[in-house]
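Taking it in order: structure first as structure tokens, then the write-up.
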Amino acid sequence: MEELKESLRSKAKELGADLIGFASRDRFGELEEKHNPFAIFPEGKSVIVMGRRITRGTLRGIEEGSNFSDYTMFGNHWLNDEFVAISCYDLVCFIENMGWEAVPIFPNPPEAGATGVPVRKGRPAPNVCPDFDYAAVACGLGEIALNGQLLNPDFGSLHRLQMIITDAPLESDPLFEGGLCDGCGECAAACPLDALDIENAREITICGKTMRIGTYDSVKCGVCKNGAFANYLLKTAQPDRKAAACNRACIVCLEQRGALSRGFENEFRKRDPWQLDLLGRPAGRGE
Ligand code: SF4
Ligand code: SF4
């Protein structure tokens, strides 16, 4: 089993994946059917979560406030729809060449919900959209931080993930021990719209690992002009906040603490961050 995992790890790396983790079926027993990967492949035995990094430089134009469009391609659409998807598809082919069935899963927003009717009694309505945060934690890839982002020890929140469900038996990776999010509150403090409440954070437990998550004011985040983008797959789903002021503050914080395994010659933040208010007018420290 370990030999199979090693060959998948090394193939994924060859295919350009920066992240890969494994979890066996028993780690998904507590997950509701409508977000459970094994509702899609009931005879599956394992889940693989793999992905690629968002390069730090992809956020440079947003950090400087001078280019917002290139992030949406290299950091979001192209990365999801092409770069990660191609690595995922090629890994799926590699697994099927070994005689195991492999189901590729795209990270559709969980809010997409059911759009059909159950085809038989006791089955969930399509489309089941697996919970990627749950799966990534179950695969040992990281922890969910107070700002709701999945933090990975190598790339922090800068990654895009896809999933493979397979009938290959694969042993679970150890859960990530945690400690990347130290509760500093910089994410909430950086929001010009006061849209992130971390004082009343709720607790979630995944595979016995408990994490605290703050609450966003989705209405404010939906109109935020500080680097947040509407979900390009579903307008009503949570926006993409990876490049937003709240998450860029977290990137700075992780970097300053040396919390990630990877470092850079120069700091990400070069000057006070800019801020725009609800109406898109310059406000705050970067004014
Ligand atoms: S900024 Fe601090 S509190 Fe917020 S998510 Fe990052 S590490 Fe956690
Ligand atoms: S997305 Fe915008 S409004 Fe929402 S918490 Fe982040 S910075 Fe604030």
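We count ligands from 1, going down the list as the structure has it; atoms in each ligand are counted the same way. In this chain, numbering begins with 1 at the start of the sequence shown.
If you number the atoms of ligand 1 from 1 as listed, the ones under 4.0 Å from a heavy atom of Gly183 come out as 3 (S). Shown in contact with Arg257 at under 4.0 Å from a heavy atom are these atoms of ligand 1, numbered in order with element: 7 (S). Each of the following atoms of ligand 1 lies closer than 4.0 Å to a heavy atom of Cys181: 3 (S), 5 (S), 7 (S), 8 (Fe). The atoms of ligand 1 that sit less than 4.0 Å from any heavy atom of Ala145 are 5 (S).
Between the side chain of Asp167 and the backbone N or O of Glu101 there is at least one donor-acceptor pair closer than 3.5 Å.
Using a 4.0 Å heavy-atom criterion, the residues that approach ligand 2 are Cys191, Leu193, Ala195, Tyr216, Cys221, Cys224, Ala228, Arg241, Ala244, Ala245, Cys246.
Contact of the Val137 side chain with the Cys207 side chain is not registered, since no non-hydrogen atoms from C-beta on lie closer than 4.5 Å. In this structure, Asn127 and Asn108 have side chains that are not in contact, with every pair of non-hydrogen atoms separated by 4.5 Å or more.
Side-chain contact, Ser46 with Arg25: no donor N or O sits under 3.5 Å from an acceptor N or O.
For Glu6 and Arg9, the salt-bridge test passes: some basic side-chain N is under 4.0 Å from an acidic carboxylate O. In this structure, Arg262 does not pair ionically with Asp18, as no charged nitrogen and carboxylate oxygen lie closer than 4.0 Å.
Judged by the 6.0 Å distance and 45° axis criteria, Arg56 is not positioned over the aromatic ring of Phe268.
Atom CE in Met50 sits 7.5 Å away from atom CG in Leu15 (nearest 0.5 Å).
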